[in-house]
Structures are given as C-alpha cells and as structure tokens.
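Reviewing the structure listed below.
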Number of protein chains: 2
Amino acid sequence: MTEPELARAKSVTLRDVARVAGVSVPTASKALNGREGVRAATRQAVLATAERLAFHPNTTARALKNGRSGTWGLITDDLEGRFSIPILMGAEDTAGAGKMSVFLCDARGDVIREKHHLQSLLGRQVDGLIIVGSRTDARASLGELPVPAIYVYAPSDAHTDLSIVPDNLGGGRLAAQHLLDLGRKRIAHIAGDRSYDAARARVTGVDEVLTAHNMELMGGQAFYGVWSEAWGRNATRRLVESSPDLDAVVCGSDQIARGVLDALKDLNLRVPEDVAVVSFDNWEVFATGAVPGLTSVDMNFEAMGRMAGEKLFAAMGGEEQQGTIIQPCRLVVRGSTCP
Amino acid sequence: MTEPELARAKSVTLRDVARVAGVSVPTASKALNGREGVRAATRQAVLATAERLAFHPNTTARALKNGRSGTWGLITDDLEGRFSIPILMGAEDTAGAGKMSVFLCDARGDVIREKHHLQSLLGRQVDGLIIVGSRTDARASLGELPVPAIYVYAPSDAHTDLSIVPDNLGGGRLAAQHLLDLGRKRIAHIAGDRSYDAARARVTGVDEVLTAHNMELMGGQAFYGVWSEAWGRNATRRLVESSPDLDAVVCGSDQIARGVLDALKDLNLRVPEDVAVVSFDNWEVFATGAVPGLTSVDMNFEAMGRMAGEKLFAAMGGEEQQGTIIQPCRLVVRGSTCP
DNA sequence: AAAGTTTTCGAAATCGATTTCTACCGTACC
DNA sequence: GGTACGGTAGAAATCGATTTCGAAAACTTT
C-alpha cells in the first residue's frame with residue numbers, strides 16, 4: 001500500500017496535483033488560487049496538471065480551514081416552493097454561478113422542526129441564513145445567531161434583525177391607480193384573510209389612492225374572506241347583487257380572482273368591458289390560464305432573493321444591518337383590464 | 001493571545017468541552033459518540049459539560065475526516081418547486097429529522113448550469129445526488145460519478161443508472177377503471193402534449209382498460225394538445241360538437257381539466273351528472289379550487305422522494321442498484337366524478 | 001505480593017486545503 | 001568576490017473531529 005492512488009480511486013487531491021507537477025502542496029495551492037509568489041512557468045505547469053487530472057478542490061477542507069463554507073441555509077414553511085424557489089434562485093444569482101450552494105430546509109410550519117434544522121445548518125457552518133415565512137405577518141425572531149440571518153417575505157418581530165418584505169401597500173396603490181387610469185370609477189375590493197398582514201396592507205394601498213381622488217370602495221369597504229376561489233365566487237355574487245353598477249374589482253390574490261372571473265361570467269358581465277379585474281401574486285399558472293388573462297401585481301420574489309443575497313454578502317463582510325427593506329412590486333397587465 | 005476562548009467568541013469546539021470536563025479530546029469524542037472504552041462516570045461528565053456549553057459538533061470537520069458529509073444534492077429544472085419540494089421532503093424524511101441536509105440547485109433547463117452545479121456539489125462532497133427532471137421523458141445520464149445518483153420523475157437514458165418514475169400507465173388505468181366503475185360508457189380523453197412520454201403513457205393506460213372491456217375512446221382516439229387550460233376548453237368544445245353524447249372525460253392534467261370544466265359549463269353540461277371528469281397531477285390548488293373539485297390521479301411525489309432517500313442510503317451502504325422503479329399513483333376522488 | 005488481565009485514557013496521525021514563515025536561489029551592487 | 005536583496009519554493013502549523021495504538025491505571029489471580 002505504498003501507492004496511495006491505488007488505495008482510493010476516489011478523487012484527485014491537491015497532493016496528487018502537486019506530486020505530478022513536481023512541486024509542493026503549498027506551491028500548488030498558491031498557483032491554483034492565483035496568489036503571488038509563484039513563477040509564471042510553475043503556475044502554468046500546476047494549472048495544466050490540475051486540468052489534466054480533473055482536479056476539483058475539496059470545498060469541505062477549505063471550509064474547515066478558513067471558516068467559510070460557501071453555503072447558505074434557507075429555512076421555509078412553503079410546502080409547494082412557490083416562494084422559496086424563486087427566492088433561492090435570486091439569492092444564488094448574486095453570488096455568481098455555483099459560488100454559493102444553498103441548503104433548503106422545510107420546517108413545515110413546525111417550530112420544533114425549525115429549531116432542529118437551524119441547529120443542523122449551524123453545525124454545517126453555513127455562512128448565512130435566509131428565513132422565508134409563508135405569510136407576511138411578522139414571525140418570531142431566531143434571536144442572536146453566530147451567522148447573519150435575513151428574514152424574507154415574513155419580517156422578524158425583532159427590529160434588530162434585517163427583513164425584506166414585499167411592498168403590499170405599494171402594490172395596492174399600483175392596482176388602484178391602474179384602474180383609475182383606465183377610467184374606472186366604481187371599484188370594489190374582494191380581499192383575502194383579514195388576519196393576514198398582506199391582505200390588510202393591500203386594502204390600505206387601494207384605499208389610499210381612492211381617498212386621494214375623493215372616491216371610496218363600493219360597499220364602503222373591502223370584503224375580507226379567505227384566500228380561495230370559492231370565496232371569490234361567493235363574494236362576487238353578493239357584491240353584484242348589492243352593487244350591480246360596479247366597473248372594477250381588485251382581488252386579494254389570483255386564486256380569489258379566478259373565482260371572481262367565474263362568477264362574473266355566470267352573471268353575464270364581460271371582463272374587462274363591464275368589469276375590470278386586478279389581482280395580486282401573479283402566479284403564472286393561474287394568471288395566464290384564466291380567460292381573459294389576469295392583470296396582477298407581482299411580488300418580485302426573485303428580486304427579494306437577490307436583495308437577500310446581496311445583504312448576506314454585505315453582512316458576511318462585516319457590514320451589519322437591521323430594519324426592514326420594502327421591495328417594490330410590479331404590475332403585470334393582461335386581458336382582465338385591457339382588451 | 002494565550003487564551004483561545006478570547007480569540008474567538010464563535011463556537012464551542014470539542015477541545016473546549018474536553019478541557020472543561022478535564023479529559024482529552026479523544027475521550028470526549030468517544031464519550032459523545034457513544035463508543036465504548038470510556039468509564040460511565042467519565043462519559044456522564046463529558047455529556048454534561050457538552051450540554052452545558054451548548055456544544056454542537058462541526059459537521060464540516062467530521063465530514064473531512066470520515067469522507068461522509070451527511071448531505072445530498074438535488075438538481076432540478078423545476079422553476080416553481082412543484083415537484084422538487086415534495087420530493088426533497090420525502091427524501092429528507094427517510095434520514096430522520098435533520099440527519100441529512102439537502103442542497104437544492106436549480107439548473108433552469110440549462111445543461112451548462114447543470115454541469116456547473118454538479119461540479120460544485122461534488123466539490124462539496126455530497127454523499128448522493130437526486131436528479132429531478134421536469135418531464136417524464138428520459139434525460140441524458142450524468143455518466144459515471146464518484147457518488148450514487150438517482151434520477152427521479154425523469155428517468156436516465158442509461159440503463160446502468162437507477163431511476164424512479166411515476167406509474168403514468170397505471171395512473172391511466174386507475175382513471176379509466178374509476179369511470180367504468182361509475183358506469184360511464186362513453187369516455188373521451190383530452191391529453192397533454194404528445195411529445196411528452198407522460199402524456200402517451202397515460203393514454204395507453206386508459207386505452208388498455210377500455211380495450212379490456214371491448215370499448216374504445218370517443219372519437220376513436222385520444223386528443224393530444226398542450227398542457228394548458230386553453231387547450232382543455234378548445235378540445236372540449238370540438239369534442240362535444242362531434243360527440244354530444246359523451247359521459248366522461250379523462251384529462252391529461254389538472255390544468256387541462258380546469259379548461260374542460262369551464263367549457264362544459266358553457267355548454268350547459270353538468271359535472272358529474274352529465275359528464276364525469278378525471279384528471280392527472282392532483283395539484284391541490286387547481287384540483288380543490290375547481291367547481292366541483294377535481295377527481296385526480298396523484299403522482300405521489302413524496303413517496304418518490306422517500307424511495308429515492310432509501311435507495312441512496314442503500315447505495316451509500318455499497319448496495320449498487322440499477323434499472324427503473326415505477327412508483328404507483330393513487331386516485332383522489334372528488335366531486336367531478338362523485339356528487 | 002508478584003504476575004497477569006482488563007479497562008480506561010491520551011499522544012499522535014489523519015482528512016485536504018490554506019497560511020505563515022523560513023530557507024534558498026540567482027541577481028545586482030559595491 | 002562578497003554582501004544585500006527580491007523573488008520562489010517548501011516545511012510545518014492550522015482548522016475540528018475521528019481513530020489507531022500504546023501506555024498507564026485498575027483489577028484479578030495465584
């Protein structure tokens with residue numbers, strides 16, 4: 001067993017490269033990492049052999065030495081990945097391809113499991129944490145941690161943490177302004193679950209714009225319910241009964257909007273000619289599958305992920321930050337408001 | 001700087017525990033890992049101090065030593081996480097809470113990016129790979145790898161790899177048999193994209209059952225199109241025109257089914273009284289949001305993930321396997337077939 | 001009490017890469 | 001030609017945990 005390369009057909013180590021290139025391990029390391037103190041010819045030789053042997057450095061060893069693992073942990077409650085995946089992709093993008101890898105952990109809404117995942121991630125020496133809540137209400141802070149953490153979508157309840165949340169208020173304004181721009185005057189709002197911060201903020205945004213134009217919502221207020229198509233259908237039927245002259249509906253989510261579209265059709269009201277419909281989330285499969293396509297306010301998950309990545313890098317660089325960053329939304333116009 | 005505990009307020013290492021407990025590092029290691037050769041009293045002391053100091057072993061160091069990182073890599077093309085997240089959760093479950101952490105990488109359908117992620121994951125010494133395709137067609141094998149890999153949802157095109165795929169054929173049978181059990185005789189099939197293996201397999205399954213009962217599909221064949229609501233609507237209109245007496249429709253996906261339901265309603269056909277509807281995927285938000293709720297064939301993603309986890313463990317234990325494992329589907333009955 | 005066993009513990013090597021820090025080389029200058 | 005110097009390369013320590021192996025301690029046995 002004097003031949004190490006026979007013992008493990010596994011992977012090529014730096015030692016192998018150094019031996020083949022006829023230099024020492026430190027020299028090989030310096031050459032590969034572009035550090036000075038290596039003659040150009042030597043560096044070339046090392047690079048060439050590394051290439052030839054298909055050398056890939058063991059990230060684990062590097063992590064152990066310099067205390068940086070090049071990984072982030074993302075903890076979420078999002079069972080379907082609707083939020084998590086775009087946010088993850090956005091975060092990854094800031095690092096440049098493959099520089100950072102992300103552990104995705106699903107706590108499934110269970111605090112115990114979350115604690116467990118957290119410990120596991122810290123044991124793996126992640127360089128940062130992204131905590132993705134499934135609703136925009138403030139969630140319990142994880143407290144003081146040995147690595148920077150950023151709360152995305154749901155803000156932390158501790159103002160010493162850094163949170164990134166979508167601008168639901170601004171989204172509401174966007175939706176209302178869009179309808180006003182189209183000349184709509186009699187606007188109703190079928191909202192989501194009142195217990196959700198997001199639902200209330202969206203309502204507030206709509207209200208603000210209407211008030212500024214000396215208008216108010218049909219029925220005098222928004223109608224809160226649940227985040228489902230069924231609620232959209234029911235609410236629409238009642239709404240049209242009491243206010244048959246309405247000409248636009250803002251919906252708390254795309255799912256609600258789907259219900260609204262269904263009900264309007266049953267009631268022989270044309271969209272967008274008789275009634276324009278705007279909703280929130282811009283969940284592609286729902287928004288584009290509808291007839292007509294739904295004009296919807298996009299929460300910009302990927303942008304939130306990118307921001308999270310940037311802030312994590314900044315924090316890793318020692319630049320501590322706290323507070324709540326509000327990420328603007330954007331309106332995606334489709335057939336439900338413009339023919 | 002003779003006081004190491006001042007230098008880094010960071011984390012508690014095994015050395016710290018050993019020092020405080022008054023034993024050597026190896027002894028502390030043995031005590032914590034439940035290995036023999038340690039007196040009961042000594043072990044107790046070590047365990048107590050570890051607890052008191054909130055010691056969490058550095059997984060990175062352990063990984064470096066014994067060559068096992070306790071991590072898996074999951075590479076997917078799934079932009080929304082519809083497949084990946086349930087599969088990831090299933091895989092994690094097999095390990096027991098937190099024992100395995102999973103790197104989630106989204107290749108976004110880009111081969112270059114996939115290669116990149118793969119290298120990155122191998123550099124991080126993952127113990128296994130789960131490759132999740134976004135369509136059931138066979139995908140290019142990643143070839144010989146230093147760690148076991150399992151292809152989920154989309155099988156590998158190399159028969160020396162191990163793949164786990166949903167039983168689309170069996171799913172088709174389930175759907176057809178369900179309709180026959182309900183006494184339906186005139187069954188049509190509005191399928192998805194013909195270029196997808198899944199679409200064709202589902203059709204074959206339905207055909208098999210009908211043929212076994214000396215029946216055939218309305219129109220003599222399945223109608224292929226695309227995986228969209230719009231296709232469901234269009235196809236239904238044409239179908240009812242040519243075969244107004246149909247009493248059941250099998251849909252290639254929940255999205256198609258949503259279009260079918262819409263169109264049937266426009267045509268004043270009641271579901272399920274006049275026409276029963278069965279679909280595939282059981283995508284909750286679509287299936288339960290519809291009126292009536294969609295009876296749908298569930299692909300059991302989580303079960304596929306669990307199977308993947310088990311097989312990876314087996315492979316890590318040296319038990320090589322190859323071939324394709326077909327994971328059964330299950331029928332979830334809702335209002336679109338039973339009132 | 002001496003010899004033989006068993007148990008318990010710790011010194012040292014290991015994993016793979018990085019990072020000093022020192023030894024050496026050749027060149028340049030006086 | 002000897003000293004000084006910038007530039008290269010390598011020896012050794014390091015990260016934190018594991019593991020082997022030898023030594024010391026604690027018991028038995030005669």
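Numbers restart at 1 for each chain; the letters A, B, ... are given by sequence-line order, proteins then strands. Reckoned from all heavy atoms, side chains included, excluding hydrogens, waters and symmetry mates.
In the helix from C:dA1-D:dT30 to C:dC30-D:dG1, the rotation axis of the first five pairs and that of the last five pairs differ in direction by 60°, rounded to 10 degrees.
In this view, B:Arg68 satisfies the salt bridge (charged side-chain N to carboxylate O under 4.0 Å, His left out) rule with no residue, not counting sequence neighbours. In terms of the ring pair (Phe, Tyr, Trp, His ring centres under 6.0 Å) criterion, residue partners of B:Tyr153 (sequence neighbours excluded) are, by chain and number, B:Phe83, B:Phe301. Taking the side-chain contact (heavy atoms from CB on, under 4.5 Å) definition, one finds that B:Glu319 meets it with B:Ala314, B:Gln321, sequence neighbours left out. Under the rule for a side chain to side chain donor-acceptor pair (under 3.5 Å), B:Gln322 has no partner lying at least two apart in sequence or in another chain. The salt bridge (charged side-chain N to carboxylate O under 4.0 Å, His left out) test applied to B:Arg108 returns A:Asp93, not counting sequence neighbours.
Atom CZ of A:Arg62 and atom C1' of D:dT14 are 16 Å apart (whole Å). Rounded to a whole Å, the CG atom of A:Asn58 is 13 Å from the C1' atom of C:dT18. Computed from coordinates, the A:Leu32 CG to C:dT18 C1' distance equals 12 Å when rounded to whole Å. Distance CG (A:Leu64) to C1' (C:dC15): 9 Å, rounded to an integer number of Å. We find that CG of A:Asn33 is positioned 13 Å from P of C:dT20, with the value rounded to whole Å. Atom-to-atom, CZ of B:Arg68 to C1' of D:dA17 comes out at 17 Å; the value is rounded to the nearest Å. The nearest whole Å value for the distance from the CZ atom in A:Arg35 to the P atom in C:dA17 is 16 Å. The interatomic distance linking A:Arg15 (CZ) with C:dT14 (P) rounds to 9 Å, in whole Å.
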Polar atom pairs between nucleotides 23-25 of chain D and protein, under 3.5 Å, N or O only, would you list them?
none

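Rounding to the nearest 0.5 angstrom, the gap separating the CD1 atom in A:Ile85 from the OG atom in B:Ser84 is 5.0 Å. Note that CZ of B:Arg306 is 9.5 Å distant from CE of B:Met89, once rounded to the nearest 0.5 Å.
At a cut-off of 3.5 Å, with distance as the only test, a side-chain donor of A:Ser101 or B:Ser120 sits close to an acceptor on the other residue. Between the side chains of B:Thr60 and A:Thr60, not a single donor N or O lies within less than 3.5 Å of an accepting N or O.
Checking the phosphate oxygens (OP1, OP2) of D:dA17, no side-chain nitrogen or oxygen of B:Ser29 falls inside 4.0 Å.
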Practice problem: Could you check A:Ile325 against A:Met307 for side chain to side chain contact (heavy atoms under 4.5 Å, CB included), going step by step and ending with a plain yes or no? | Solution: CA-CA 9 Å; A:Ile325 296 174; A:Met307 175 69 81; 4.1 Å; yes
Quiz item: Where do A:Ser29 and A:Leu14 land on the side chain to side chain contact (heavy atoms under 4.5 Å, CB included) test, with the steps shown first?
Solution: CA-CA 7 Å; A:Ser29 171; A:Leu14 187 58; 3.8 Å; yes
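Residue pairs meeting the ring pair (Phe, Tyr, Trp, His ring centres under 6.0 Å) criterion with at least one partner in residues 11-31 of chain A, sequence neighbours excluded, do not occur; the list is empty.
Near DNA chain D, meaning a heavy atom under 4.0 Å away, there are no residues from residues 44-56 of chain A. Contacts with DNA chain C (heavy atom under 4.0 Å) in residues 119-129 of chain B: none are found.
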Practice problem: Do nucleotides 8-13 of chain D as a string where each nucleotide becomes B, S or -: B if the base has a protein heavy atom under 4.0 Å, S if just the sugar-phosphate does, - if no protein is that close. | Solution: SBBBB-
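The two atoms that bring B:Leu312 and B:Gly128 nearest to each other are CD2-CA, 4.1 Å, heavy atoms only.
Looking at heavy atoms from C-beta onward, A:Phe55 lies in side-chain contact with A:Leu32 at the 4.5 angstrom threshold.
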Cut-off 3.5 Å, no hydrogens considered: what does the side-chain donor-acceptor table look like for residues 129-146 of chain B, sequence neighbours left out?
unit_1	atom_1	unit_2	atom_2	d
B:Arg135	NE	B:Asp137	OD1	3.0
B:Arg135	NH2	B:Asp137	OD1	3.4
B:Arg135	NH2	B:Ser195	O	2.8
B:Thr136	OG1	B:Ala198	N	3.1
B:Asp137	OD1	B:Asp197	N	3.3
B:Asp137	OD2	B:Asp197	N	3.1
B:Arg139	NH1	B:Glu114	OE1	2.9
B:Arg139	NH2	B:Glu114	OE2	2.9
B:Ser141	OG	B:Gly143	N	2.9
B:Ser141	OG	B:Asp161	OD2	2.5

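For B:Trp72 and B:Phe313, the distance between ring centers is under 6.0 angstrom.
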